[in-house]
Amino acid sequence: DRLIKNNGIKIEVNELIDIYRNHKPTIRFYDDVMPFINELKAKAIKTGIITDGRPEGQRAKLEALKCYSIFDKIIITDELGGIEYRKPHPLSYEKMAESLNVNYDEMMYIGDNPSKDFGISEIYPIKTVWVKREGERIHTNKKVFNKPKYTVDDFYQMQKTGVIQ
């Protein structure tokens, strides 16, 4: 509202919100992501994404990254019944395990947000990995509520350290 008022912009706030929520993002994976995913695929390891957020925005990002043709299963938590199903709620992990036909102790969740991404390991024996990406993270100042089993700087380090066997 202040930006519009202070700059004499002739647009309604709701229009700006609509543009923001429905834009087609120009994004790409970090350079280390696809080599890691390709290594998993070469080992016949199933892959999935669990993502929080408004479905239209999340789908736009997933489409921009071509995730629907890369990953075996994608779950947008808000589509499970609302924001109360966002991580670390167990429902998305339960649906992922069921869809991929894997046990919880065979699953690994890789995330970057220490305030919500690793709590699932308190409920199910899912291994958790925090990709910190020092200097590049958007969750820099987040409190770590649940410690991940592994912490790495990037996906290259995951490959080198043997987090994935």
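Each residue takes its place number in the sequence, starting with 1. Excluded from the calculations below are hydrogen atoms, water molecules and symmetry mates; all remaining heavy atoms, backbone and side chain alike, are included.
Between F71 and L62 there is no side-chain heavy-atom pair separated by less than 4.5 Å. Looking at D154 and Q157, their side chains come closer than 4.5 Å, going by heavy atoms from C-beta outward. Contact check for I110 versus M108: side-chain heavy atoms found under the 4.5 Å cut-off. Looking at heavy atoms from C-beta onward, I37 lies in side-chain contact with I70 at the 4.5 angstrom threshold. Between K87 and I120, every side-chain heavy-atom pair lies at or beyond the 4.5 Å cut-off.
The structure places OG1 of T128 at 11.5 Å from CE of M107, a figure rounded to the nearest 0.5 Å. Summarising the geometry, atom CG belonging to L80 is positioned 6.5 Å from atom NZ belonging to K95; distances are rounded to the nearest 0.5 Å. Taken from CD1 in I76 to OG in S92, the straight-line distance is 11.5 Å, to the nearest 0.5 Å. Interatomic distance, CG of L91 versus CE of M96, reported as 11.5 Å (0.5 Å rounding).
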Handout entry: Full working for side-chain contact (heavy atoms from CB on, under 4.5 Å) between M34 and R28
Key = CA-CA 10 Å; M34 282 313 300; R28 64 179 182 80; over 6 Å; no
Exercise for the section: Applying side-chain contact (heavy atoms from CB on, under 4.5 Å), run through I50 and T77 and close with a yes or a no. Expected result: CA-CA 7 Å; I50 297 173; T77 57; 3.7 Å; yes
Exercise for the section: May I have the step-by-step check of side-chain contact (heavy atoms from CB on, under 4.5 Å) for T151 and V131, ending in yes or no? Expected result: CA-CA 6 Å; T151 301; V131 180; over 6 Å; no
Practice task
Start with the C-alpha distance between E106 and I126, add both sets of side-chain angles, then the distance that settles side-chain contact (heavy atoms from CB on, under 4.5 Å), and finish with yes or no.
Solution key: CA-CA 7 Å; E106 298 173 298; I126 296 172; over 6 Å; no
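Hydrophobic clustering places I19 together with I4 (ILVMFWY residues linked when any side-chain heavy atoms are closer than 4.5 Å, directly or through intermediates). Linking Ile, Leu, Val, Met, Phe, Trp and Tyr residues whenever their side-chain heavy atoms come within less than 4.5 Å places I27 and I74 in a single cluster. If you chain together hydrophobic residues whose side chains sit under 4.5 Å apart, L100 and L40 never meet in one group. Y20 and I17 fall into different hydrophobic clusters, where Ile, Leu, Val, Met, Phe, Trp and Tyr side chains are chained together by heavy-atom contacts under 4.5 Å. No chain of hydrophobic side-chain contacts below 4.5 Å, direct or via other Ile, Leu, Val, Met, Phe, Trp or Tyr residues, connects V102 to V129.
In K149, the NZ atom is not crowded: 12 or fewer heavy atoms of neighbouring residues, nucleotides or ligands sit closer than 6.0 Å. Within a 6.0 Å radius of NZ in K73, other residues, nucleotides and ligands contribute 12 heavy atoms or fewer. Within a 6.0 Å sphere centred on CD of E84, heavy atoms belonging to other residues, nucleotides or ligands number more than 12. For N103, the CG atom sits in a packed shell: over 12 heavy atoms of surrounding residues, nucleotides or ligands are nearer than 6.0 Å. Surrounding NZ of K46 are more than 12 heavy atoms belonging to other residues, nucleotides or ligands, all under 6.0 Å away. The neighbour count for N6 CG, taken as heavy atoms of other residues, nucleotides or ligands under 6.0 Å away, is above 12.
Pairs of residues two or more places apart, or lying in two chains, that qualify as ring pair (Phe, Tyr, Trp, His ring centres under 6.0 Å) and include a residue from residues 91-110 are Y93-Y109, Y104-Y124.
Between D52 and K116, at least one side-chain nitrogen of the basic residue sits less than 4.0 Å from a carboxylate oxygen of the acidic one, meeting the salt-bridge criterion. At a threshold of 4.0 Å, the pair R86-D78 counts as salt-bridged, since one of the basic side-chain nitrogens sits closer than that to a carboxylate oxygen. K43 has a carboxylate O that lies under 4.0 Å from a charged side-chain N of E39, or vice versa, which qualifies the two as a salt bridge. The residues E79 and R59 are annotated as salt-bridged, a charged nitrogen and a carboxylate oxygen being separated by less than 4.0 angstrom.
The shortest heavy-atom contact between F118 and N113 is CE1-O, 4.1 Å. Scanning both residues, I123 and P88, for their nearest heavy atoms gives CD1-O, 4.4 Å.
Considering V152, D153, D32 as possible partners of R133, the one that fulfils the side-chain contact (heavy atoms from CB on, under 4.5 Å) test is D32. Screening F36, Y30, Y150, F29 for a ring-ring contact (aromatic ring centres under 6.0 Å, His included) with F155, the sole residue that qualifies is F36.
Between the side chain of D117 and the main chain of D112, a donor-acceptor pair closer than 3.5 Å is present. K61 places no side-chain N or O within donor-acceptor distance of the main-chain N or O of P25, the cut-off being under 3.5 Å. Judged by distance alone, the side chain of N7 and the main-chain N or O of I9 form no donor-acceptor pair under 3.5 Å. A donor-acceptor pair under 3.5 Å is formed between the side chain of S69 and the backbone N or O of K66.
Side-chain contact of T47 with K41: a donor-acceptor pair under 3.5 Å is present, judged by distance alone.
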